[in-house]
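Along the sequence shown, the residues carry numbers beginning at 1. Excluded from the calculations below are hydrogen atoms, water molecules and symmetry mates; all remaining heavy atoms, backbone and side chain alike, are included.
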Amino acid sequence: MDDFLKWCWLLCLTVAAWEDLRTRQISSVILIIGFAAGIVSLCSSGIGEHLLAGFIGLTMLGISKITGGALGEGDGWFYLFSACYWNIWEIGGLFLGALGVGFVWATILLIGKKYTTIPFLVCTWPIGAWMVCR
């Protein structure tokens with residue numbers, strides 16, 4: 001069951017990343033589906049190891065409010081519900097890996113003199129896919 005739920009999480013990430021790339025918004029339906037499956041995941045693994053992981057999503061939501069949306073609110077909500085599936089070390093690795101992918105992408109854009117925003121969940125996708133498939 002645990003592997004199935006992680007694949008459900010990856011499916012939610014895939015759809016959310018695609019929406020983030022196309023529209024710079026994440027559908028609330030995807031977030032609700034992800035939270036619902038995450039609750040099932042929590043029931044099978046226990047809530048203790050996931051509480052701290054939620055801190056990253058809450059921090060991202062706070063940064064979104066402070067910066068007026070420079071970091072999207074949907075990214076924070078996605079990371080918050082991801083805490084239902086992954087522990088603090090896995091969420092931390094996911095976040096740092098996404099920052100690394102974003103840094104490389106931003107460097108390439110900067111070298112090419114293309115100034116645009118980078119959708120964070122698109123940067124999260126390759127790390128998330130690796131986490132599920134490993």
Side-chain angles (χ1 to χ4, degrees):
M1 180 72 146
D2 193 43
D3 287 339
F4 174 74
L5 291 171
K6 299 255 170 105
W7 282 99
C8 289
W9 173 85
L10 182 59
L11 180 61
C12 287
L13 174 58
T14 302
V15 173
W18 178 250
E19 288 180 342
D20 199 13
L21 182 64
R22 284 186 21 248
T23 65
R24 302 290 199 245
Q25 292 184 342
I26 299 162
S27 165
S28 58
V29 172
I30 292 301
L31 296 173
I32 291 168
I33 290 169
F35 266 116
I39 297 301
V40 173
S41 179
L42 277 179
C43 291
S44 67
S45 67
I47 197 167
E49 66 183 44
H50 300 278
L51 280 177
L52 237 120
F55 181 72
I56 292 175
L58 290 173
T59 301
M60 291 174 74
L61 285 170
I63 291 170
S64 176
K65 293 291 182 196
I66 291 168
T67 63
L71 176 67
E73 187 177 349
D75 300 327
W77 282 111
F78 187 86
Y79 270 78
L80 186 59
F81 92 66
S82 295
C84 296
Y85 301 86
W86 306 101
N87 65 36
I88 183 65
W89 301 109
E90 292 165 327
I91 288 287
L94 182 69
F95 180 74
L96 292 174
L99 285 177
V101 170
F103 177 77
V104 170
W105 189 356
T107 301
I108 292 168
L109 289 174
L110 188 60
I111 291 169
K113 296 185 180 173
K114 295 184 181 186
Y115 307 106
T116 185
T117 59
I118 298 172
F120 192 69
L121 288 183
V122 175
C123 298
T124 302
W125 192 89
I127 309 303
W130 174 80
M131 286 173 59
V132 170
C133 295
R134 65 185 155 112

Query raised in the report: Considering all heavy atoms of both residues, which atom of Gly74 and which atom of Leu31 are nearest to each other, and what is their separation?
Result: O-CD2, 4.3 Å
Report task. Determine, using the 4.5 Å side-chain heavy-atom cutoff (strictly less than), whether Leu52 and Met60 are members of one ILVMFWY cluster. Result -> yes
Query raised in the report: What is the distance from atom OG of Ser27 to atom CG of Asp20, rounded to the nearest 0.5 Å?
Result: 12.0 Å
Query - Reported CD1-to-NZ distance for the pair Ile111 and Lys113, which is rounded to 0.5 angstrom - result: 11.0 Å
Query raised in the report: Do Trp77 and Phe35 have side chains that get closer than 4.5 Å, going by heavy atoms?
Result: yes
Report task. Report yes or no: do Ile32 and Trp9 belong to one cluster of Ile/Leu/Val/Met/Phe/Trp/Tyr joined by side chain heavy-atom distances under 4.5 Å? Result -> no
Query - Shortest non-hydrogen contact between Arg134 and Trp86, atoms and distance - result: NH2-CZ3, 4.1 Å
Query raised in the report: What is the minimum heavy-atom distance between Trp105 and Cys123, and which atoms define it?
Result: CE3-SG, 3.6 Å
Query raised in the report: If every non-hydrogen atom of Ala53 is compared with every non-hydrogen atom of Asn87, which pair is closest and at what distance?
Result: CB-C, 3.7 Å
Query raised in the report: In chain order, what residues pass the ring-ring contact (aromatic ring centres under 6.0 Å, His included) check against Phe55, with sequence neighbours excluded?
Result: none
Requested in this report: Could you tell me whether the side chain of Trp125 reaches within less than 4.5 Å of the side chain of Thr14, counting heavy atoms only?
Outcome: yes
Query raised in the report: Given the rule that I, L, V, M, F, W and Y join up when any side-chain heavy atoms are under 4.5 Å apart, are Leu13 and Ile118 in one cluster?
Result: no
Query raised in the report: So, do Glu19 and Gln25 sit near enough that their side-chain heavy atoms are less than 4.5 Å apart?
Result: no
Query - Straight-line distance of Leu71 CG to Thr117 OG1, nearest 0.5 Å - result: 11.5 Å
**Report entry** Same cluster (ILVMFWY, side-chain, under 4.5 Å), Leu11 and Val132
**Finding:** no
Query raised in the report: Under a single-linkage definition using a 4.5 Å side-chain heavy-atom cutoff for Ile, Leu, Val, Met, Phe, Trp and Tyr, are Tyr85 and Ile33 assigned to the same hydrophobic cluster?
Result: no
Query - Side-chain donor-acceptor contact under 3.5 Å, Thr124 with Tyr79 - result: yes
Requested in this report: State whether the number of non-hydrogen atoms from other residues, nucleotides or ligands found under 6.0 Å of Trp89 atom CH2 is greater than 12.
Outcome: no
Query raised in the report: What heavy-atom pair brings Gly54 and Ala83 nearest, and what distance separates the two atoms?
Result: N-CB, 3.4 Å
Query - Derivation and outcome, side chain to side chain contact (heavy atoms under 4.5 Å, CB included), residues Phe95 and Ser82 - result: CA-CA 11 Å; Phe95 180 74; Ser82 295; over 6 Å; no
Requested in this report: Output the distance between atom CG (Leu10) and atom CE (Met131), rounded to the nearest 0.5 Å.
Outcome: 10.5 Å
Report task. Could you tell me which residues satisfy salt bridge (Lys or Arg N to Asp or Glu O under 4.0 Å) with Arg22, sequence neighbours excluded, listed by chain and number? Result -> none
Requested in this report: Considering non-hydrogen atoms only, spot the tightest contact between Ala16 and Leu121 and give its length.
Outcome: CB-CD1, 3.8 Å
Query raised in the report: What is the distance from atom CD1 of Ile66 to atom OG1 of Thr59, rounded to the nearest 0.5 Å?
Result: 9.5 Å
Requested in this report: Would you check if Pro126 and Trp130 make a side-chain contact, meaning some heavy-atom pair closer than 4.5 Å?
Outcome: no
Query raised in the report: Stepwise, does the side chain to side chain contact (heavy atoms under 4.5 Å, CB included) test hold for Ile88 with Ile56?
Result: CA-CA 8 Å; Ile88 183 65; Ile56 292 175; 4.1 Å; yes
**Report entry** Ion pair check, Glu73 and Arg24, cut-off under 4.0 Å
**Finding:** no
Query raised in the report: Is Ser64 close to Asp75 at the side-chain level, that is, under 4.5 Å between some pair of heavy atoms?
Result: no
